[in-house]
Amino acid sequence: MIAGHDIAAALVELGVTDVVWLPDSMLGTWEAAFSGHDRLRLLRVCREGEAWVLAAGLYLGGREPVVIMQTTGMFDSGDALRNVYYDMQLPLFAMIGYRSFLLPGSTDSARQYAEPILDAWGLDYLLLGEPADLEQLKRHRQACRAENKPCVVLLPEGRG
């Protein structure tokens, strides 16, 4: 998994102003990098559906948020995601922890359905794995921004 300070630096370079999240045990290791950062504002939510609408409001108010949550939270918040991405047509940026991706032979349904659901929703996503992939993250986000479309990055995790 990529270190929190590396992710924070990449987000700042991309112009992100706010991190809207409900972390899991893996993504939660980044909290110190976000909460102590002088250029990122960390906003915690109680439910994943709240993250999308909070990010939408921030975006409409001129901020540049990123939504960070795990795949199960993405599944749970699908209606809110659909609303901001399709009904409101907001090009929000999301980073999704890809639960159990790093567990060979895992039968975890979160692993099984993450990419098919993103494909069904027609969302452009990037699977990010190593610190060296941060340049790909930046290019992916910039390309999505240039096309004014949503951007999703999947972050492989190893715990179920």
Side-chain angles (χ1 to χ4, degrees), residues 1-14 16 18-35 37 40 42-55 65-86 90-145 147 149-160:
M1 179 135 200
I2 300 168
H5 64 274
D6 292 332
I7 289 291
L11 294 177
V12 166
E13 188 176 328
L14 287 168
V16 170
D18 302 273
V19 176
V20 181
W21 83 337
L22 186 69
D24 59 22
S25 58
M26 296 291 287
L27 298 175
T29 63
W30 295 347
E31 184 162 1
F34 295 148
S35 63
H37 204 286
L40 293 172
L42 180 62
L43 302 166
R44 296 168 186 89
V45 295
C46 296
R47 296 288 305 178
E48 288 86 350
E50 296 171 357
W52 300 106
V53 296
L54 178 56
V66 61
V67 171
I68 301 179
M69 65 181 62
Q70 191 180 60
T71 48
T72 53
M74 179 186 69
F75 300 155
D76 184 54
S77 64
D79 189 46
L81 179 153
R82 178 201 53 77
N83 187 263
V84 299
Y85 277 172
Y86 296 105
L90 300 180
L92 296 181
F93 178 26
M95 299 180 78
I96 308 295
Y98 199 162
R99 194 174 93 176
S100 300
F101 183 84
L102 298 174
L103 298 175
S106 172
T107 59
D108 183 352
S109 61
R111 181 179 190 221
Q112 181 180 359
Y113 292 111
E115 291 184 73
I117 285 176
L118 290 171
D119 289 336
W121 284 338
L123 294 172
D124 192 2
Y125 64 91
L126 168 71
L127 180 61
L128 185 71
E130 302 297 324
D133 295 340
L134 285 174
E135 288 305 315
Q136 287 182 355
L137 175 144
K138 293 173 192 174
R139 285 192 302 273
H140 178 63
R141 176 62 184 140
Q142 290 164 342
C144 289
R145 186 183 290 143
E147 295 180 38
K149 67 180 185 178
C151 179
V152 177
V153 174
L154 292 174
L155 305 160
E157 296 182 351
R159 294 186 199 150

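Model, not experiment: these values are computed from the prediction.
Looking at every heavy atom in both residues, A110 comes nearest to T72 through CB-CG2, 3.9 Å. Taking each heavy atom of A114 and M74 in turn, the nearest pair found is O-CE, 4.3 Å. Heavy-atom minimum distance, L92 versus P65: CD2-CG, 4.3 Å. Taking each heavy atom of H5 and A33 in turn, the nearest pair found is N-CB, 3.6 Å. Minimum interatomic distance between L137 and A10 (heavy atoms only, all atoms of both residues): CD2-CB, 4.5 Å. Across all non-hydrogen atoms, the minimal contact from L22 to V45 is CD1-O, 2.9 Å.
Classification of the F34-W30 ring pair by plane angle, with boundaries at 30° and 60°, yields perpendicular.
Atom CZ of R82 is surrounded by more than 12 heavy atoms from other residues, nucleotides or ligands within 6.0 Å.
With sequence neighbours left out, F93 forms a ring pair (Phe, Tyr, Trp, His ring centres under 6.0 Å) with no residue at all. Applying the ring pair (Phe, Tyr, Trp, His ring centres under 6.0 Å) criterion to Y85, with sequence neighbours excluded, gives W52. Among residues two or more places apart in sequence or in another chain, the salt bridge (Lys or Arg N to Asp or Glu O under 4.0 Å) test is passed with E13 by K138.
Ion pairing between a basic and an acidic side chain is recognised when a charged N comes within 4.0 Å of a carboxylate O; D24 and R99 show no such pairing.
Residue T29 holds its OG1 atom at 11.0 Å from CD1 of I2, rounded to the nearest 0.5 Å. Put simply, CH2 on W21 and CG on L54 are 14.5 Å apart, with the number rounded to the nearest 0.5 Å. How far OG of S100 is from CD of Q70: 7.5 Å, rounded to the nearest 0.5 Å.
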List the steps and the verdict of side chain to side chain contact (heavy atoms under 4.5 Å, CB included) for M95 and I7.
CA-CA 10 Å; M95 299 180 78; I7 289 291; 3.9 Å; yes
